[in-house]
Protein chains: 2
Amino acid sequence: MKAFNRLSQRQQNMMRFMHNYMQERGFPPSIREIGEECDIGSTSVVNYNLNKLVDAGYIERSGKVSRGLRIIGAIPGLSSGPRVFGAPGPQRVALVGRIAAGEPIALPDDIGHHIDEDDYIAVPPQMLSGYDENEVFALTVRGNSMIDSMIQDGDIVILRQQNTAENGEMVAAWLSEENETTLKHFYREAEQIRLQPANQEYQPIYVHPSNCEVKGKVLSVMRNFH
Amino acid sequence: MKAFNRLSQRQQNMMRFMHNYMQERGFPPSIREIGEECDIGSTSVVNYNLNKLVDAGYIERSGKVSRGLRIIGAIPGLSSGPRVFGAPGPQRVALVGRIAAGEPIALPDDIGHHIDEDDYIAVPPQMLSGYDENEVFALTVRGNSMIDSMIQDGDIVILRQQNTAENGEMVAAWLSEENETTLKHFYREAEQIRLQPANQEYQPIYVHPSNCEVKGKVLSVMRNFH
DNA sequence: AGTATACACGAACATTTGTTTGTGCCGCAA
DNA sequence: TTGCGGCACAAACAAATGTTCGTGTATACT
């Protein structure tokens with residue numbers, strides 16, 4: 001369990017409001033704005049809890065100056081809530097694990113309680129294709145089994161959680177018979193599913209629908225060289 | 001020429017200060033702080049120029065509220081200055097053009113005056129490998145000639161400007177004899193340079209140093225699916 | 001010259017806003 | 001009970017801060 005369990009409901013509300021406010025307006029809210037939104041009658045109470053949040057390491061304050069606060073750490077969402085992080089900064093999505101041939105994919109929900117702050121990665125908005133960061137997760141590719149899809153060891157793939165796919169979309173699919181995970185373009189054909197590699201020099205593979213379990217749609221890929 | 005040429009020196013200073021301030025403190029400066037830093041004696045003058053910047057589309061203001069401003073567009077740096085953009089948000093680097101076999105690479109300096117706001121792309125910090133965003137640029141890959149390096153049409157490559165490279169680094173190189181641009185791993189050998197594709201199923205090519213002009217080092221690759 | 005426009009200055013003003021102080025409630029331990 | 005610490009409330013205070021107004025100075029145009 002993490003430190004945010006020590007935050008009161010009121011403090012959680014404040015964190016959430018501050019985050020949303022900064023996300024929307026680009027600058028932090030004033031003490032009175034926080035109080036009004038969180039049903040706190042007195043500015044001193046807001047101030048009090050703000051200092052609590054500072055002690056807890058969630059925010060920093062610049063004394064004397066109006067709106068002099070910034071969010072430092074993770075925001076504890078609602079119990080089942082969104083994994084939202086502090087602004088300013090790029091979007092952040094959960095980096096939930098690795099994908100490799102021969103291993104099943106662990107989805108965010110399966111390991112939701114194990115996600116730490118370090119398991120998040122910054123992703124620029126344009127790589128989310130308009131989807132909300134909460135329905136998106138990231139996987140690190142292990143091994144070169146996806147090389148026929150132009151994806152190699154160490155790449156990070158950004159996916160949206162979904163169990164179906166439209167024709168032509170690239171998906172992460174679990175092939176139960178072959179016992180492996182793969183990233184391919186998805187085509188539902190008459191009696192079968194065609195999984196087409198991105199690299200056209202490779203041949204497509206054909207599987208039965210019952211053998212193909214879509215885990216998510218690939219939105220983008222990031223690769224770093226060191 | 002672009003709109004920022006219409007900004008006075010004073011307004012450019014203001015933009016730069018506001019950007020740095022937000023970068024550093026996480027919230028916008030007050031009118032008086034701007035004035036003090038930019039040697040403006042009167043708050044009304046700051047206010048006046050602030051409204052000018054709004055008209056020019058560089059910032060937005062929320063009336064009545066303190067520090068109620070956010071940066072929207074590009075910041076005109078110094079004359080030869082950094083191409084810095086507004087916080088909060090991911091880093092932004094110049095997307096200067098396209099890279100394709102048979103075409104030379106246009107470097108930022110060559111086309112510096114043509115960079116528009118739309119020619120910038122958000123890049124998360126970890127993809128800059130610690131380099132400053134000002135020495136980094138981005139190229140859109142056209143064609144599939146880099147497919148042997150696991151890079152395909154539509155990919156965006158992030159590069160750092162440099163004319164040499166260490167062994168093993170992936171570089172963008174212009175081969176004058178072959179009259180084409182390529183992305184390969186760079187190895188300086190006895191009498192020649194070996195350019196090694198990332199995909200090990202492809203063979204390396206060997207060129208004479210005089211034939212190989214390094215344009216930049218590849219830091220990372222981004223790929224979006226639509 | 002006369003006028004208009006852009007830009008700048010300083011001062012006064014009206015809010016906004018962070019800080020402080022005094023008080024009260026509640027649970028818990030001595 | 002008494003006392004203490006955590007938390008909350010309201011009011012008042014002191015700065016910080018955005019806004020407005022009257023004025024001045026160039027520059028260009030008629």
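Letters A, B, ... mirror the listed sequences (proteins, then strands); counts begin at 1. It should be emphasised that the depicted structure is a prediction, and the values quoted were computed from it without experimental measurement.
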When the distance from [atom1] of [X] to [atom2] of [N] is rounded to whole Å, what number comes out?
X	N	atom1	atom2	answer
B:I31	C:dC9	CD1	C1'	15 Å
A:L50	C:dT17	CG	C1'	13 Å
B:R67	D:dA15	CZ	P	17 Å
B:R32	C:dT16	CZ	C1'	12 Å
B:K52	C:dT5	NZ	P	12 Å
A:Y48	D:dA8	OH	P	7 Å
B:N47	C:dT16	CG	C1'	15 Å
B:F27	C:dT17	CZ	C1'	13 Å

*On DNA chain C, nearest-nucleotide positions of B:N49 versus B:K64: which is more 5'?*
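The answer here is B:N49.
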Taking only the side-chain nitrogens and oxygens of [X], find out if one of them lies under 4.0 Å from OP1 or OP2 of [N].
X	N	answer
A:S30	C:dT17	yes
B:S66	C:dT17	yes
A:R61	C:dT17	no

*side chain to side chain contact (heavy atoms under 4.5 Å, CB included) evaluation trace for B:V171 with B:L183*: CA-CA 6 Å; B:V171 300; B:L183 297 173; over 6 Å; no
*Over all atoms of both residues, closest heavy-atom pair of A:E33 and A:F17*: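 Looking at all heavy atoms of both residues, the shortest contact is O-CE2, 3.7 Å.
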*asked:* Quick check: closest heavy atoms across A:G35 and A:V46, and the distance to 0.1 Å?
replied: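 Residues A:G35 and A:V46, closest heavy atoms: CA-CG2, 3.5 Å.
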_DNA chain C contacts made by residues 35-46 of chain B, counting heavy atoms under 4.0 Å_ =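 Going residue by residue through residues 35-46 of chain B, the ones with a heavy atom under 4.0 Å of DNA chain C turn out to be B:I40, B:G41, B:S42, B:T43, B:S44, B:V45.
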_So does B:M150 get a backbone contact from the side chain of A:R223, meaning a donor-acceptor N/O pair under 3.5 Å?_
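Yes, A:R223 side chain to B:M150 backbone: donor-acceptor pair under 3.5 Å.
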_Donor-acceptor contact present, side-chain A:S220 to main-chain A:M127, <3.5 Å_ =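 Answer holds: yes.
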*Flag yes if more than 12 heavy atoms outside B:Q162 fall under 6.0 Å of its CD atom; otherwise flag no.*
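Yes, enclosed.
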*Looking at CD1 of A:I34 and CD1 of A:I40, how far apart are the two atoms once the value is rounded to the nearest 0.5 Å?*
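It comes to 8.0 Å.
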